[in-house]
Amino acid sequence: MMITLLQLLVIAAPIFQVITASDADPLQDFCVADLAKDLTLNGYPCKRAANTTTEDFIFSGLRNSANTSGPSRADAVFGFVHDFPGLNSLGLAIARLDFAPGGLIPPHTHPRGSEIIYVVEGSLYAGFVTTQNQLFARVISKGDVMIFPRGLIHWQLNVGNTTAMAIVTLDSQSPGFQLIASSMFGSDILDEVLVKTFFIDENAVRQLKATFS
């Protein structure tokens, strides 16, 4: 017997509902993280609303500049959920980047979040590389905004003669932060893997491992 188009749509409707389902609307106004409890799959458990205060929604960490005295002469102050409990379940994070002249936030990724950077002071050579090795990069200056898509390798280099500062926001309360060089040479990957990956000899691999250890 032939199945009509209408009958087919009726049969398939429950399947399409499953496929196209999205996250449910929030069931409460907020869910301030209870950091005393273990992190779950979708964030921290909620702090009791009766124990929530205005201070849970305020983060003052970005008042202070990051330490730029390290080897890269740049660093970040993060406002992720474990620093700013009010972000829990909201899909947001924030950070402040500070640069001495020549300072570099080295190539890194955020596996769980896209990023927007706003330059407050100075000039930065910033960019990212796609999975097809296409480069998108240029110098951005005070007032400029740039986007770094989720999971792609990106960086920021101070190309000015003065200090620089930027604010970044991300669309995840815990976007992750993975430095490429540190992950490769600061872990226990076999030397042979690194030799064959970067086309360098074993002595160079050992020197780089010593630097990142």
Side-chain angles (χ1 to χ4, degrees), residues 30 32-33 35 43-44 53-130 134-186 208 211-212:
F30 53 80
V32 174
L35 300 180
Y44 286 94
T53 70
T54 301
E55 298 305 311
D56 290 316
F57 302 99
I58 298 173
F59 179 63
S60 300
L62 303 192
R63 291 182 180 181
N64 302 316
S65 61
N67 182 5
T68 60
S69 63
S72 66
R73 306 194 69 192
D75 209 342
V77 177
F78 295 110
F80 292 176
V81 66
H82 45 270
D83 311 296
F84 190 2
L87 294 175
N88 195 46
S89 79
L90 299 182
L92 293 169
I94 192 167
R96 169 178 172 160
L97 310 182
D98 286 281
F99 304 79
L104 171 70
I105 301 293
H108 63 280
T109 69
H110 303 292
R112 296 181 296 275
S114 298
E115 175 182 334
I116 293 179
I117 183 171
Y118 171 73
V119 182
V120 179
E121 294 291 344
S123 296
L124 304 172
Y125 174 66
F128 63 90
V129 178
T130 71
Q134 184 175 4
L135 173 67
F136 292 89
R138 56 161 277 193
V139 174
I140 54 176
S141 300
K142 182 178 179 179
D144 288 337
V145 173
M146 188 173 185
I147 296 171
F148 306 112
R150 176 180 298 187
L152 297 185
I153 297 172
H154 60 284
W155 66 90
Q156 300 92 20
L157 170 68
N158 184 1
V159 294
N161 296 320
T162 62
T163 60
M165 193 267 278
I167 298 295
V168 301
T169 57
L170 303 103
D171 65 347
S172 170
Q173 66 186 38
S174 183
F177 181 77
Q178 185 172 27
L179 290 167
I180 305 304
S182 179
S183 293
M184 297 304 295
F185 294 99
L208 287 166
T211 298
F212 286 98

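Residue pairs meeting the side chain to side chain donor-acceptor pair (under 3.5 Å) criterion with at least one partner in residues 85-102, sequence neighbours excluded, are N88-Q173, R96-D98.
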(message) Checking D83 against F59 for the side-chain contact (heavy atoms from CB on, under 4.5 Å) test, could you report, in this order, the C-alpha distance in whole Å, the side-chain angles of both residues, the deciding distance, and whether it holds?
(response) CA-CA 8 Å; D83 311 296; F59 179 63; 4.0 Å; yes
(request) Step by step, work out the side-chain contact (heavy atoms from CB on, under 4.5 Å) result for V145 and I116. (result) CA-CA 7 Å; V145 173; I116 293 179; 3.3 Å; yes
(message) Working note: I117 + L97, criterion side-chain contact (heavy atoms from CB on, under 4.5 Å); need CA distance, chi angles, decisive distance, verdict.
(response) CA-CA 9 Å; I117 183 171; L97 310 182; 4.0 Å; yes
(message) One pair to check against side-chain contact (heavy atoms from CB on, under 4.5 Å): Q156 and F148. What are the steps and the verdict?
(response) CA-CA 11 Å; Q156 300 92 20; F148 306 112; 3.4 Å; yes
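Atom-to-atom distance recorded for L62:CG and M165:CE is 8.5 Å, nearest 0.5 angstrom. In this structure, the separation between CZ on F99 and CD1 on I105 is 4.5 Å, given to the nearest 0.5 Å. Note: D171 CG to L92 CG = 8.0 Å, rounded to the nearest 0.5 Å. In this structure, I180 CD1 and H108 NE2 are separated by 9.0 Å, a value rounded to the nearest 0.5 Å. Taken to the nearest 0.5 Å, the CD1 atom of I153 stands 11.5 Å off from the CG atom of L135. Within the model, atoms OG1 of T109 and CD of E115 stand 11.0 Å from one another, a figure rounded to the nearest 0.5 Å.
Taking the six-membered ring where tryptophan is involved, the planes of Y125 and W155 are tilted, since the angle between them lies from 30° to 60°. Relative ring orientation between F80 and H82 is described as perpendicular, the plane-to-plane angle rising above 60° on a 0-90° scale split at 30° and 60°.
A95 approaches F78 most closely through the heavy-atom pair CB-CD2, 3.8 Å. Of all the heavy atoms in S172 and A93, the pair that sits closest is O-CB, 3.0 Å. The minimum heavy-atom distance linking T130 with F136 is given by the pair CG2-CE1, 3.6 Å. Taking each heavy atom of Y44 and A33 in turn, the nearest pair found is CB-CB, 3.6 Å. The two residues F84 and D56 have their closest heavy-atom pair at CE1-O, 3.6 Å. Residue T162 comes nearest to N158 through the heavy atom pair O-ND2, 2.9 Å, listed as atom of the first residue, atom of the second, then distance.
Side-chain contact check for I140 versus S123: every heavy-atom pair is 4.5 Å or farther apart. Between I94 and I167 the shortest side-chain heavy-atom distance falls below 4.5 Å.
Distance alone, capped at 3.5 Å, places no donor-acceptor pair between the S114 side chain and the P149 backbone. Under the 3.5 Å distance criterion, the side-chain polar atoms of H110 are matched with a main-chain donor or acceptor of G176.
Residue-environment remark: CD1 (I147) stays at or below the threshold of 12 foreign heavy atoms within 6.0 Å.
Taking R112 as the reference, nothing meets the salt bridge (Lys or Arg N to Asp or Glu O under 4.0 Å) condition, with sequence neighbours excluded.
Side-chain rings of F30 and F57 approach one another, their centers coming within less than 6.0 Å.
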